[in-house]
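Just below is one structure, and these are the notes that go with it.
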Amino acid sequence: MDSTKRNKVVLLWSGGWDGTFRLLQLAQYDIQVMPIYLIHNGRGGREYEMAAMQNILAQIRQDKSFKAEILDIVYYDVEWILENCKDQEISEAYQYLHKKYRLGKQYEWFALLCKKLNTQMECAIVHQDHGEMTINAEGMLLPVENDFLEGRYHVLPKDGKQAAHRVLGNLILPSIRVTKKDEERIARENGWIEIMKLSWFCHFPIDGQPCGLCGPCNDAMHTGMEWRMPKKAQIRNKHRFFYRCVNKIRKLVNKG
C-alpha cells in the first residue's frame with residue numbers, strides 16, 4: 001500500500017508503559033504512526049525516556065510481523081509551546097481543571113500543541129488514570145464516530161460545561177477502558193512483554209533505576225506494576241514520606 005494513502009495516527013509518547021503498549025497496538029495496522037515527545041527540562045528521567053524510545057523503536061522496526069510505518073519521533077520543547085502556542089481559553093480552562101481536580105500540567109501543553117498544529121493526537125490515558133475523574137465530572141466520553149480504528153474515545157462538552165472539552169477535546173483516548181494489568185495481560189498474550197519491559201517511567205532515577213519516590217513510581221507500586229521496581233525502590237516507596245523529608249533537609253543544607 002502506498003504510504004501516502006495510509007491513515008495516520010499522531011501519538012503522544014514518552015517511552016512509558018501505556019504509550020508503548022499503544023504503539024505496539026498501532027504497529028499491527030497498515031497505517032502511519034507519528035510519535036511526538038515533549039521535552040521538559042525539569043524532567044529528571046528525560047535521558048532515560050529518550051533512550052527507551054529509541055530501543056523500543058528499534059525492536060518494533062526489526063520485527064517483520066508489525067505492519068505500521070513508524071515515523072521518526074518529532075520533538076517539541078515545552079518552553080516553545082508555552083511561548084508560541086498561547087491560547088487564553090485553553091489555559092483558563094486548564095487552570096480551572098487543575099485547581100478543582102489536580103489535572104496534570106501536561107494536559108495544557110497537549111491542548112496548546114494540538115490547537116497550534118490543528119490536529120488530534122492519541123494520548124494513552126488508562127482506566128484509573130488521574131485524568132479520568134476530570135473527564136467523568138466535566139465532560140462526556142464517547143466513541144469517535146466513523147473512525148478508521150476501533151475502540152477510540154474523545155471528550156465532548158457536558159451539560160453546558162466546556163472546560164474539559166477545551167483542554168481534552170483534541171485528544172483521542174484509545175486506552176481509557178483498560179488498566180495497566182490489562183495491558184500486561186494483552187502484551188504477554190501477543191508476545192510483546194519483552195519490548196514493554198524496555199519502557200521507562202521514573203522521573204528521578206537513582207543509580208540508573210526507578211527511585212520509588214516520584215509520582216509514576218508510586219503509581220506503579222499501586223497499579224499492579226510493582227514487579228517493575230527494584231527492591232530498594234519498593235522499600236523507598238513504602239517509606240516515601242520519610243525519604244522526601246530527608247531529601248528536603250539535604251537541599252536546605254546544600255543551599256546553606
Side-chain angles (χ1 to χ4, degrees), residues 7-31 33-36 56 60 66-68 70 94 97 100-104 106-107 109-111 114 119-159 161-193 195-197 199 201 215-216 218-228:
N7 287 310
K8 184 176 180 180
V9 173
V10 180
L11 175 66
L12 289 159
W13 185 41
S14 62
W17 177 270
D18 302 320
T20 298
F21 175 79
R22 183 55 182 167
L23 181 63
L24 288 162
Q25 282 188 316
L26 292 170
Q28 297 180 96
Y29 299 98
D30 189 15
I31 59 176
V33 182
M34 175 186 287
I36 286 186
I56 291 164
I60 293 174
F66 291 120
K67 300 176 183 178
I70 312 295
Y94 166 72
L97 297 175
K100 191 169 184 179
Y101 305 101
R102 308 306 299 170
L103 186 68
Q106 69 271 25
Y107 293 104
W109 308 337
F110 297 162
C114 285
T119 191
Q120 293 183 317
M121 302 182 187
E122 279 202 2
C123 181
I125 300 174
V126 296
H127 179 55
Q128 298 172 336
D129 189 277
H130 304 301
E132 190 180 11
M133 178 175 64
T134 305
I135 295 168
N136 291 336
E138 299 283 340
M140 291 192 301
L141 184 69
L142 294 175
V144 177
E145 294 184 0
N146 303 315
D147 201 4
F148 64 91
L149 293 173
E150 294 182 355
R152 303 202 304 171
Y153 294 81
H154 59 169
V155 178
L156 297 178
K158 175 183 180 181
D159 300 330
K161 298 177 180 179
Q162 295 288 336
H165 177 63
R166 284 179 180 145
V167 177
L168 305 171
N170 278 323
L171 297 181
I172 302 297
L173 310 175
S175 307
I176 195 74
R177 299 302 192 197
V178 300
T179 66
K180 291 181 186 292
K181 290 300 290 182
D182 292 330
E183 291 174 335
E184 180 186 354
R185 173 182 54 78
I186 295 168
R188 292 186 185 279
E189 290 171 356
N190 284 278
W192 302 339
I193 196 64
I195 298 178
M196 291 287 289
K197 288 178 181 179
S199 63
F201 56 93
N218 192 53
D219 287 344
M221 284 292 294
H222 296 93
T223 54
M225 295 286 106
E226 66 278 357
W227 59 270
R228 301 198 69 204

Does some side-chain heavy atom of T223 sit less than 4.5 Å from a side-chain heavy atom of T179?
no

If you compare all heavy atoms of C123 against all heavy atoms of L12, which two are closest, and at what distance to 0.1 Å?
CB-CD1, 4.2 Å

Is it true that, when you exclude E189 itself, more than 12 heavy atoms of the residues, nucleotides or ligands shown sit nearer than 6.0 Å to its CD?
yes

Taking the inter-plane angle between the rings of W17 and W227 on a 0 to 90° scale, is it parallel (under 30°), tilted (30 to 60°) or perpendicular (over 60°)?
perpendicular

So, taking the atom named CD in Q28 and the one named CG in L26, what distance separates them when rounded to the nearest 0.5 Å?
9.0 Å

Atom CG in L11, atom CG in L23: separation rounded to 0.5 Å?
6.0 Å

Applying side-chain contact (heavy atoms from CB on, under 4.5 Å) to L141 and R177, what does each step give before you reach the verdict?
CA-CA 11 Å; L141 184 69; R177 299 302 192 197; 4.0 Å; yes

Note: I60 and A27 closest approach over all heavy atoms is CG2-CB, 4.1 Å

Kindly indicate, with the supporting measurements, whether the criterion side-chain contact (heavy atoms from CB on, under 4.5 Å) is fulfilled by V126 and D182.
CA-CA 10 Å; V126 296; D182 292 330; over 6 Å; no

With a 4.5 Å limit on heavy-atom distance, are the side chains of I56 and W13 in contact?
yes

Nearest 0.5 Å, what's the CD1-CG distance between I135 and L173?
5.0 Å

When rounded to the nearest 0.5 angstrom, what is the spacing between NZ in K161 and CE in M140?
11.5 Å

Test item: V9 and F148 side chains (from C-beta on) under 4.5 Å apart, heavy atoms
yes

If you compare all heavy atoms of M121 against all heavy atoms of C114, which two are closest, and at what distance to 0.1 Å?
CG-SG, 3.6 Å

Heavy-atom closest contact (L97 atom, A163 atom, distance)
CD1-O, 3.8 Å

Taking the side chain as every heavy atom from C-beta outward, state whether T134 and V167 have any pair of such atoms under 4.5 Å apart.
no

Heavy-atom side-chain contact between Q120 and V144 under 4.5 Å
no

Any salt bridge linking K180 with E184? Criterion: basic side-chain nitrogen under 4.0 Å from a carboxylate oxygen.
no

Residues at least two apart in sequence or cross-chain that pass ring pair (Phe, Tyr, Trp, His ring centres under 6.0 Å) with F201, listed by chain then number, are none

The salt bridge (Lys or Arg N to Asp or Glu O under 4.0 Å) partners of R152 (sequence neighbours excluded) come to E122, D147

Do H127 and V178 touch side chain to side chain, with heavy atoms closer than 4.5 Å?
no

Take E183 and I186 through the test side-chain contact (heavy atoms from CB on, under 4.5 Å) and record every step on the way to the result.
CA-CA 5 Å; E183 291 174 335; I186 295 168; 5.9 Å; no

NZ (K67) with more than 12 external heavy atoms under 6.0 Å
no

Is there side-chain contact between Y94 and F110, with at least one heavy-atom pair below 4.5 Å?
no

Quick check: do E138 and Q162 have side-chain heavy atoms less than 4.5 Å from each other?
no

Going from CE on M34 to CD1 on I36, what distance comes out if it is rounded to the nearest 0.5 angstrom?
6.5 Å

Verify, without hydrogens or angle tests, whether H165 (side chain) and V155 (backbone) share a donor-acceptor contact under 3.5 angstrom.
yes

If you take all heavy atoms of R228 and S199, which pair is closest and at what distance?
NH2-O, 2.8 Å

Nearest heavy atoms of G139 and K158, plus distance in Å
O-CD, 3.3 Å

For a side-chain contact (heavy atoms from CB on, under 4.5 Å) check, start with the C-alpha distance between L24 and N190, then their side-chain angles and the critical distance, and finish with the verdict.
CA-CA 10 Å; L24 288 162; N190 284 278; over 6 Å; no

